[in-house]
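Since we're looking at a predicted model, the values are computed, not measured. Order of the sequence lines sets the chain letters (A, B, ...), proteins ahead of strands, with each chain counted from 1.
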Amino acid sequence: MVLDNYDPKTREPEIESYWEKEHIYAFDQKSDKPIYSIDTPPPTVSGKMHVGHSFSYAQQDFVIRYKRMKGHNVFYPFGTDDNGLATERLIEKTKKVRARDMPRDEFVSLCLTTLEHELRPQYLADFRRLGLSCDFSIHYTTIDSHSQKISQREFINLYEMGRAYRKDAPAMWCPECNTGISQVECVDQEFKSSFNDIIFFSGQEKLVIATTRPELLPACVAVFFHPTDKRYSHLRGKTAKVPLFNHEVPILEDTRADPEKGTGLVMCCTFGDQVDMEWQKAYNLPIMQAFSGNGKMTAIAQKYEGQNIREARKAMIDDMKAQELLIRSSPITHTVNVHERCGTEVEFIKSKQWFIKYLDMKDHMLEWGRKLHWYPDHMRNRYENWVGGLQWDWLISRQRYSGVPFPIWYCTKCENPVLAKKEDLPVDPLKHKPPIEKCPSCGSTTFEPEKDVLDTWVTSSLTPRLAIELMPEKLWPKLYPMSLRPQAHDIITFWLFNTTFRSNIHYGKNPWHDCLISGWALDPHGKKMSKSKGNIIEPQVIIDKYSADSLRYWASLSKPGDDANTQDKDFVTGQKLVNKLWNASKFTVSHLADYDGKEEKLETMDAWLLIKLNKAIAEATDAFDVYAYNQARASIDIFFWQHLCDNYLEIVKDRLYNPEQRGTRERHSGQVALYHALLSVLKIYAPIIPHITEAIYLDYYAEKEKKKSIHISAWPTVNDKWNNPEAEKAGDLAITVLADVRKQKSERKISLKTEIPTLTITCTKEEEKLLSLVLADLKAATQAKEIAFIRGENITVTF
RNA sequence: GGGCUCAUGGUCUAGUGGCUAUGACAACUCCCUUACACGGAGUAGGUCGCCGGUUCGAGUCCGGCUGGGCCCACCA
């Protein structure tokens with residue numbers, strides 16, 4: 001019962017162990033309380049928890065802890081994403097190997113064992129140390145067989161619905177990673193390049209064409225100009241000779257050629273960019289492939305064959321210069337699409353890839369997005385904007401090593417795909433045999449496994465299923481749709497969007513009711529953190545230096561969806577709060593040792609405190625109900641610091657210490673107010689700073705309330721019998737007087753303890769009446785021996 | 001180029017049409033008062049980015065502008 005001192009460094013981990021041992025956050029499969037289920041974001045196992053994680057996971061934990069205290073049976077699983085390219089790169093780095101230099105089997109098993117024994121446990125420990133109230137026993141990883149089974153099952157379902165198709169198509173391709181990629185994995189990056197004016201011949205006429213991609217010349221299949229461009233209208237129907245390669249290509253008109261750009265003439269190469277692809281389709285032009293998937297020039301590049309893109313570009317520019325085919329080369333900076341994981345320029349390559357058909361669903365997608373409750377609401381715009389801009393079906397093949405395999409084999413003779421049977425899942429076609437002996441269409445008996453793996457988002461767009469299917473099937477309808485998807489705003493376009501799509505396609509409903517979108521943690525100056533800038537702030541260091549509670553407190557300062565600057569001073573603020581809570585509690589609890597829990601008529605100041613408390617409870621509750629944890633926190637901050645600590649405790653002290661002079665009933669009344677005020681303060685703070693509030697609760701209140709943890713105790717409610725407008729007015733007046741006395745003492749540079757022989761208050765008759773209700777407390781707080789009243793309009797104080 | 005978002009004392013920030021615009025940090029002045037000096041009481045510091053409009057009333061709503069951020073498009 002003695003609150004000694006509080007060292008978060010040792011106490012926080014102890015408290016976390018206690019939660020674990022007592023299963024405080026365990027989901028109760030048998031309970032009939034309303035369920036609140038969360039589609040927890042599975043973070044990509046990347047070594048260490050990032051400060052951005054601590055920011056957004058803390059924010060989701062605030063509202064989830066609130067829901068738990070409000071009486072929900074909380075289903076809060078924890079998954080990790082350790083599937084796909086990001087994981088491969090991490091393993092390559094930590095184990096100093098290269099996937100392409102070793103057998104696939106060996107690499108995959110290295111990934112799995114390293115994850116299981118080294119990376120994941122360390123990583124999970126970081127999230128635990130943040131004080132998240134997850135039920136960590138409900139755990140999946142996006143690469144485990146449970147997830148593979150579900151992912152493959154739903155892929156087969158898509159295939160059966162006719163939504164998964166395999167097509168020879170220009171696919172976005174990363175020549176460095178040697179894999180197809182999707183629209184969402186691309187980012188813009190500025191590059192220095194050169195704009196080259198090169199000469200095509202149309203008969204004897206010299207045509208100047210500007211290009212940044214001369215290495216695509218061997219794949220040039222046409223030249224275009226705008227139909228209204230008079231400079232070139234005489235070229236209609238003619239052909240042009242491609243420099244260096246000398247093949248003739250048609251000269252065509254199309255409105256997509258911009259007369260303002262370059263010379264107004266543009267070459268079309270399959271495939272330089274998206275317009276090239278549109279032209280190829282529209283004019284049925286041949287498909288030429290200048291380089292292959294690994295970024296090396298192909299045979300059509302003739303003497304440049306085997307060179308990589310950059311080498312070929314330079315060599316061709318040099319050769320054209322030598323042959324006087326290059327008029328001018330001006331350096332430019334332009335933005336190009338690069339693969340976000342490696343920064344390589346994205347190319348288009350023709351290959352056989354699996355796609356999920358969804359462009360036909362745009363209207364439905366918008367409707368689904370509108371049915372979700374977004375917090376904050378404007379985040380919906382990002383979803384709608386994304387849907388509006390979709391132009392590709394979802395490319396889901398990845399030419400990687402570690403990932404969920406496609407459950408498919410192909411007939412070696414007719415390429416007919418053979419899908420695994422659902423009861424055999426999960427399968428790895430590289431290891432397992434197809435479920436049939438003979439190809440149903442051609443009768444061949446030899447099959448070839450699909451070597452590609454599924455895009456990691458194919459699996460992670462099923463996280464609500466991965467989570468609930470860990471539970472017995474009879475609970476699924478109660479858990480799904482889930483209550484909440486918390487996540488950061490940067491992945492609305494893929495994770496949130498894809499999950500919404502999958503859920504509606506497979507189950508005919510949205511995957512959740514609410515989405516809580518968090519912002520980003522930026523550096524102290526509002527800049528994005530990055531290794532290259534050297535401005536990374538590590539949450540582990542903050543927890544060590546301050547505490548997990550102060551890290552969480554910082555996360556509660558900004559409103560949902562807002563980015564926050566990561567500043568030391570905010571951690572200091574949290575640390576001060578922890579300290580203040582501890583000391584205020586120490587004081588309070590020491591005066592509650594003999595408190596009997598009986599309630600009787602309250603002293604006016606005590607009633608005043610409980611009115612303020614009622615208001616704080618109402619505000620915090622309303623705020624938490626709409627996920628406005630920052631407003632809830634602000635309300636309780638004001639109550640705790642101003643009303644309780646700065647004013648009330650100073651006022652009630654004298655009654656608590658001196659019951660002989662002030663009366664035992666008066667002391668007891670103070671105890672009543674203190675008991676409820678502190679308890680509610682702790683409870684309202686509990687979702688934000690769960691460690692310190694638990695420490696205090698366990699020391700004093702746990703026994704009284706017969707609960708093992710504050711986090712499963714009942715959320716405070718407004719108590720109507722405390723409402724007392726007269727007491728509130730009287731208390732507010734007393735605070736005005738007290739503040740004025742303090743101000744004058746401060747101006748006279750005398751201690752607040754200095755006695756005042758007679759305090760004269762000028763006020764109205766009604767004010768005097770109200771103040772007389774709290775006269776004894778006011779005397780004690782101001783150190784006034786006597787208080788005299790003079791009639792007057794504006795309340796003033798002299799001594 | 002389009003969409004969204006943000007702009008409030010030196011710094012960061014609250015603010016949901018309505019008295020004198022919130023709080024924190026920093027600064028300054030004081031106070032070692034038996035919960036806390038990791039504390040307390042005060043003081044100073046703001047034409048709420050700019051221009052216009054709606055309104056009895058605008059930091060708040062509307063339009064335009066300027067400047068940041070994010071997403072998308074463009075990329076010959």
**Prompt:** Can you find a donor-acceptor N/O pair under 3.5 angstrom joining the side chain of A:Lys576 to the base of B:rC38?
**Reply:**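 No such pair is found, so the answer is no.
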**Prompt:** Can you find an N or O donor on one side and an acceptor on the other, under 3.5 Å apart, linking the side chain of A:Asn579 with the base of B:rC38?
**Reply:**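 By the distance-only test, yes, there is a pair.
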Between [N] and [M], how far apart are the two [atom1] atoms, rounded to whole Å?
N      : M      : atom1 : answer
B:rG46 : B:rG15 : C1'   : 15 Å
B:rU13 : B:rU54 : C1'   : 29 Å
B:rA7  : B:rC48 : P     : 14 Å
B:rC56 : B:rC19 : C1'   : 15 Å
B:rG2  : B:rG18 : C1'   : 38 Å
B:rG63 : B:rG3  : P     : 12 Å
B:rA73 : B:rU11 : C1'   : 37 Å
B:rU43 : B:rU55 : C1'   : 38 Å

When all nucleic acid strands are considered with a 4.0 Å heavy-atom cut-off, which category describes [X]: base, sugar-phosphate, or nothing?
X        : value
A:Val275 : sugar-phosphate
A:Trp641 : sugar-phosphate
A:Gln783 : nothing
A:Ala584 : base
A:Cys645 : base
A:Asp490 : nothing
A:Asp646 : sugar-phosphate

Would you indicate which nucleotide in [options] comes nearest to any side-chain atom of [X]?
X        : options                : value
A:Lys580 : B:rA76, B:rC4, B:rC36  : B:rC36
A:Lys743 : B:rU11, B:rU43, B:rA76 : B:rU43
A:Ser746 : B:rG42, B:rA76, B:rG40 : B:rG42
A:Lys569 : B:rA24, B:rC4, B:rG2   : B:rA24

**Request:** Represent RNA chain B in dot-bracket notation, 5' to 3'. Only Watson-Crick or G-U wobble pairs with both distances under 3.5 Å count; pseudoknot-style crossings use [ ] and interstrand partners use |.
**Result:** (((((((..(((.....[....))).(((((.......))))).....(((((..]....))))))))))))....
For [N], does either OP1 or OP2 sit under 4.0 Å from a side-chain N or O belonging to [X]?
X        : N      : result
A:Lys749 : B:rG42 : no
A:Lys745 : B:rU33 : no
A:Ser751 : B:rU33 : no
A:Gln631 : B:rG15 : yes

Would you kindly give the [atom1]-to-[atom2] distance between [X] and [N], to the nearest whole Å?
X        : N      : atom1 : atom2 : result
A:Ile491 : B:rC72 : CD1   : C1'   : 18 Å
A:Asn381 : B:rG2  : CG    : P     : 16 Å
A:Leu738 : B:rG40 : CG    : C1'   : 12 Å
A:Leu649 : B:rU33 : CG    : C1'   : 14 Å
A:Asp563 : B:rC12 : CG    : P     : 14 Å
A:Lys753 : B:rC30 : NZ    : C1'   : 17 Å
A:Lys559 : B:rU16 : NZ    : C1'   : 11 Å
A:Gln567 : B:rU13 : CD    : P     : 7 Å

**Asked** So which one's nearest nucleotide on RNA chain B is more toward 5', A:Arg256 or A:Val572?
**Response**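 Between the two, 5'-proximity favours A:Val572.
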**Message:** Here's a test of your reading of the structure: between A:Asn565 and A:Met379, which maps to the more 5' nucleotide of RNA chain B?
**Reply:**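 The residue mapped nearer the 5' terminus is A:Met379.
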Return yes if a side-chain donor-acceptor contact under 3.5 Å exists between [X] and [Y], otherwise no.
X        : Y        : value
A:Gln783 : A:Thr754 : no
A:Asp594 : A:Gln671 : yes
A:Asn381 : A:Asn385 : no
A:Asn196 : A:Ser329 : yes
A:Asp637 : A:Tyr553 : yes

**Stepwise side-chain contact (heavy atoms from CB on, under 4.5 Å) check, A:Lys615 with A:Glu728** = CA-CA 11 Å; A:Lys615 291 190 171 176; A:Glu728 183 172 20; 2.9 Å; yes
**Message:** Angle between ring planes, A:Trp394 versus A:Phe501, binned at 30° and 60°: parallel, tilted or perpendicular?
**Reply:**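 Rings of A:Trp394 and A:Phe501: perpendicular, over 60°.
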**Request:** Mind telling me whether A:Tyr700 and A:Tyr675 have parallel, tilted or perpendicular rings, with 30° and 60° as the class edges?
**Result:**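 Answer is perpendicular, since the angle exceeds 60°.
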**cation_pi(A:Arg633, A:Phe62) dist<6.0 Å, angle<=45** =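 No, cation not above the ring by the 6.0 Å, 45° rule.
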**Request:** I would like to know whether A:Tyr546 and A:Trp554 meet ring-ring contact (aromatic ring centres under 6.0 Å, His included); could you show each step before the answer?
**Result:** CA-CA 11 Å; A:Tyr546 301 99; A:Trp554 157 74; over 10 Å; no
